[in-house]
Amino acid sequence: MSSRPHAVSRRRFLGFGSAGAAAVLLGTGAWNASGALAAPVKTGNPFTLGVASGDPAPDGVVLWTRLAPEPFLADGSGGMPAQPVRVEYEVAADERFRLLVRRGSVVATPELGHSVHPEIHGLSPDREYFYRFRVAGELSPVGRTRTAPSVWAAPRELNFAFASCQSWEDGLYTAYDHMAAEDLDLVVHLGDYLYESGVTGQKRGTPVGEQFRGETFDLARYRLQYSLYKSEKPLQAAHANFAWIHVNDDHEVENNWAGDVSQADQEPDQDPVVFRQRRAAAYQAMYENLPYRHAQLPAGPDARLHRRISYGDLADFTMLDTRQYRDDQACGDGASATCTDRLDPDRTLLGAAQRDWLVDGFSRSRARWQVIGNQAPMGQTDANASPEVTQVFLDPWDGYVADRNRVLAAAQDRGVRNLVVITGDRHQNYAWDLKRDYADAGSPTVGSEFVGTSISSGGNGADQTDEGRKFLAANPHMKFFNAQRGYVRVNVNRRRWRSDFRVVSHVTTPGAPISTRASYVVEDRKPGVQEG
């Protein structure tokens, strides 16, 4: 009942060298690990970081765990020996594992931080499954996942949540406790899963160790940062209960990085090779700690993170990568009232190849709802009410106006039935209309965007802020603003999309209840948001 193997490209194989390529193949299940030698684990519970599944397909999912009996060791090893360890997995149709449908083994290697990513195939579409791992007699927690409907299916509805921005020291992950209790098919995470900055505070009265001080630059330190974040039980529960689709934003590497340009080193003589080494370490740690398929395995500082995941003919999730291929931010980044470089038609956020791939997907898709997973707000955010646009942020799409106009025009010109963009980054909740050209007062609405707040970043937050009142006054396309912590719960059916802004009252102390602050809908074939 083992899962069938699948191919790894020759370029990826050769790029890792013989030892690294073997580690990849053993960890993904592309090689059968049943005959591989593997060291036993004798140092306690290896599953301190939990289990996860991701990128659901009609016939299966990718499973994940990372062995780390001592996750906070300064060397980033997780307390594992520098040897391979065989990991068995089981997939069942019932939570008690009486109805096994798949079982097999993979090998966790030190080259990949003793993480494993077995890709399971041959499952039934649109079906709930349970999974677990076993190492040397130790059983992992049980995870639950769900496959996507078949490509030709016409699902009645889809329930999912999206989230972003979970600074460890800014607050508790109470929102994930509530998310884990929701009835969802999947979760989309839109980036800033961790922050690269050193942890200087404490949580629940427990100070962090010296190994977490200072900025994160190398692989050992990125691994430690993931260990700290993933040790949070609410986050583990949300991973264990649902399949996740993840794409990074900036803080998985460094704040506001752009292509090969580091924000931290903006001198004219900066060496991009140094930053690419940092990005390679960050990408490897990200792969090691999240339920990515081997198609997302980085080759040094490069990784194919943009991808599509379909949910029958109801919805297509098109996950963008707005970091790796972009031009450097215009006018030195930040916010500006006068920067005209942001209007340069040659400047790109997506890169030409990814933009062409996105636009081509508009024509090819059969889905009723085109869902774009996006990292920083696409809609225009003017900070001051006046007849002219006076001040916008230059890191999101406002700094790359030509790319935004190309994408939104293409969506309309190619007849996208319903375009909905879901976004993180801002630590605030928005519901607003997407205009084909914000510089034209008569421009049509061509889509809708829901920006979700943070899980914890920014501390407790507030319902309304002075900034929010300015946004509402300056941006007539903005229908809702809120700056509390939480996530967005979405129900999509064949007639309408509904976003529930789920918020908690505080994150600096435990026990905050959850409530729905507002709900906004998009009706089929009627672009733009309406209060629901």
Side-chain angles (χ1 to χ4, degrees), residues 3 8 12 16 19-31 33 36 38-39 41 43-55 61-73 75-89 104-120 131-136 138 140-141 143 145 189 193-194 218-231 235-236 239-240 243-244 246 248 252 280-300 303 305:
S3 294
V8 174
R12 286 184 181 276
F16 272 83
V24 170
L25 296 171
L26 289 169
T28 63
W31 279 356
V41 178
T43 52
N45 172 26
F47 301 112
T48 59
L49 304 181
V51 300
S53 66
D55 281 21
V61 295
V62 58
L63 305 181
W64 170 91
T65 195
R66 178 179 163 221
L67 308 181
E70 298 179 77
F72 299 154
L73 284 185
D75 65 0
S77 70
M80 292 295 295
Q83 301 175 50
V85 175
R86 186 182 300 114
V87 181
E88 298 172 333
Y89 62 84
S105 62
V106 287
V107 173
T109 63
E111 289 87 350
L112 288 177
H114 287 97
S115 65
V116 294
H117 301 74
E119 297 190 26
I120 311 302
Y131 62 93
R132 65 187 179 189
F133 297 92
R134 179 184 286 107
V135 174
E138 291 277 353
S140 75
T145 192
H189 197 286
Y193 188 95
L194 57 69
D218 60 24
L219 178 58
R221 183 69 172 78
Y222 278 110
R223 285 173 172 172
L224 271 175
Q225 204 78 342
Y226 277 101
S227 292
L228 181 65
Y229 279 60
K230 295 184 76 68
S231 66
L235 177 58
Q236 289 191 18
H239 269 300
W244 281 41
H246 175 271
N248 68 288
E252 285 89 348
Y283 273 13
Q284 178 170 338
M286 186 171 69
Y287 175 82
E288 290 173 354
N289 285 280
L290 286 162
Y292 278 132
R293 294 182 180 272
H294 68 65
Q296 279 64 63
L297 183 75
L305 299 171

- Tightest non-hydrogen contact, residues Val61 and Arg293, listed as CA-NH2, 3.6 Å
- Message: One pair to check against side chain to side chain contact (heavy atoms under 4.5 Å, CB included): Tyr131 and Thr145. What are the steps and the verdict?
- Response: CA-CA 8 Å; Tyr131 62 93; Thr145 192; 4.1 Å; yes
- Query: In Å, rounded to the nearest 0.5 Å, how long is the span from OG1 of Thr48 to CZ of Phe72?
  - Reply: 7.5 Å
- Message: What verdict does the ring-ring contact (aromatic ring centres under 6.0 Å, His included) test give for His117 and Tyr292, after you've listed the backbone C-alpha separation in whole Å, the side-chain angles of each residue and the deciding distance to 0.1 Å?
- Response: CA-CA 7 Å; His117 301 74; Tyr292 278 132; 8.0 Å; no
- Verdict with supporting geometry, Trp64 and Leu290, side chain to side chain contact (heavy atoms under 4.5 Å, CB included): CA-CA 7 Å; Trp64 170 91; Leu290 286 162; 6.0 Å; no
- Test item: Arg223 and Leu73 side chains (from C-beta on) under 4.5 Å apart, heavy atoms: no
- Item | Ala282 to Tyr222 - nearest heavy-atom pair and separation | CB-CZ, 3.5 Å
- Indicate yes or no: at least one non-hydrogen side-chain atom of Ser140 is less than 4.5 angstrom from one of Thr65. no
- Smallest heavy-atom separation, Pro291 atom then Gly54 atom, equals CB-N, 3.7 Å
- Any idea which heavy atoms bring Ser231 and Leu49 closest together, and the distance? N-CD2, 4.4 Å
- Message: side chain to side chain contact (heavy atoms under 4.5 Å, CB included), that's the test. Do Asn248 and Met286 meet it? Break it down for me.
- Response: CA-CA 9 Å; Asn248 68 288; Met286 186 171 69; 3.5 Å; yes
- Query: How many angstroms lie between atom OH of Tyr193 and atom NE2 of His246, to the nearest 0.5 angstrom?
  - Reply: 7.5 Å
- Task: Show your working on side chain to side chain contact (heavy atoms under 4.5 Å, CB included) between Ser105 and Tyr89 and close with a plain yes or no.
- Result: CA-CA 6 Å; Ser105 62; Tyr89 62 84; 5.6 Å; no
- Test side-chain hydrogen bond (donor to acceptor under 3.5 Å, both in side chains) applied to Asp55 - qualifying residues, sequence neighbours left out: Arg307
- Item | Contact check, side chains of Phe133 and Glu88, non-hydrogen atoms, under 4.5 Å | no
- Query: Heavy atoms, side chains only, cut-off 4.5 Å: are Val106 and Pro118 in contact?
  - Reply: yes
- Task: Rounded to the nearest 0.5 Å, what's the gap from OG on Ser77 to CG on Leu67? Could you check?
- Result: 11.5 Å
- Message: Does either side chain, that of Ser227 or that of Arg66, offer a donor lying less than 3.5 Å from an acceptor on the other one?
- Response: yes
- Query: Which heavy atom in Ser53 sits nearest to a heavy atom in Ala243, and how many Å separate them?
  - Reply: OG-CA, 3.3 Å
- Side chain to side chain, Val85 and His114, heavy atoms closer than 4.5 Å: yes
- Between Lys230 and Gln236 the two heavy atoms that sit nearest each other are O-NE2, 2.9 Å
